[in-house]
Amino acid sequence: MPSTNVKAISESTRDKLKMAISQLEAFLNENALPQLLAEDQDSESALFYKGLLSDLRHMLVFSEVAYEKLGVALRRPNFDTDFAERALYEVYHQCVNAFFYPKNECYSEDGRYAYTGQDAIRFRKKPVRAGRDIVLSVSKIFEELRDDLSYYESDYMTQRRMQGQK
């Protein structure tokens, strides 16, 4: 991939991560388990919200680390394409995958809805409005990142292996 394209994708990805970080951070700073459980105190709800908060915290940390790495790549006097591509690969495999394949499976993507204009995210249990809103809000950002970085899903590593064999 040409370095000018990698630089543009790095800038765009960093901007999108910044938006996701600000939304996740605001939600996590304003919401704690007791607030999310205010309406529904059963043990199933407690497990659901503990899992959701845990997944969102992981997503926030992965996104912040990736944001910083891309910042380093973009601030260097001579743009290091290899470093930036590695950072973009990590964005795809850590941030995007952390969103679409959350460890606690409080929600999942139902591909049948992806082309209907409806939200493709389906929750295991109906969350409170704030929980639903944050997941659906950042889903749009992570969908864009998944589309933008699809090259880094598998083609990037295939190309790296082929270069190593030469």
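The residues of the chain are indexed from 1 along the displayed sequence. Side chains included, hydrogens not; waters and symmetry mates left out as well; all remaining heavy atoms used.
- Using a distance-only test at 3.5 Å, with no hydrogens or angles considered, no donor-acceptor pair links the side chain of D55 to the main chain of P102.
- The heavy-atom pair separating F100 from F142 by the smallest distance is CE1-O, 3.6 Å.
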**OP:** Could you give me the CA-CA distance, side-chain angles and deciding distance for I121 and D110, then say whether side-chain contact (heavy atoms from CB on, under 4.5 Å) is met?
**Re:** CA-CA 6 Å; I121 301 297; D110 188 338; over 6 Å; no
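- Annotation: cation-pi geometry not satisfied between R124 and Y107 (NZ/CZ under 6.0 angstrom from ring centroid, within 45° of ring axis).
- Ionic pairing of K16 and E144 is present here: one or more N-O contacts between side-chain nitrogen and carboxylate oxygen are shorter than 4.0 angstrom.
- Of all non-hydrogen atoms in Y152 and H93, the two that sit nearest each other are O-NE2, 2.9 Å.
- Inter-residue side-chain proximity for E68 and V72 is flagged as unmet; no heavy-atom pair is nearer than 4.5 Å.
- Of the possible donor and acceptor atoms, one in the side chain of S10 sits under 3.5 Å from a partner among the backbone N and O of V6.
- Remark: E109 engages R146 in a salt bridge, criterion side-chain N to carboxylate O under 4.0 Å.
- Note on L37: it clusters hydrophobically with F123, by side-chain heavy-atom contacts below 4.5 Å among ILVMFWY residues.
- Side chain to side chain, D15 and S12 fail the donor-acceptor criterion of an N or O pair below 3.5 Å.
- V138 places a side-chain heavy atom less than 4.5 Å from the side chain of F99.
- The closest side-chain heavy-atom distance from L17 to I141 is not below 4.5 Å.
- Residues S54 and K103 bring no donor and acceptor atom of their side chains to less than 3.5 Å of each other.
- Contact of the V135 side chain with the L52 side chain is registered, since non-hydrogen atoms from C-beta on lie closer than 4.5 Å.
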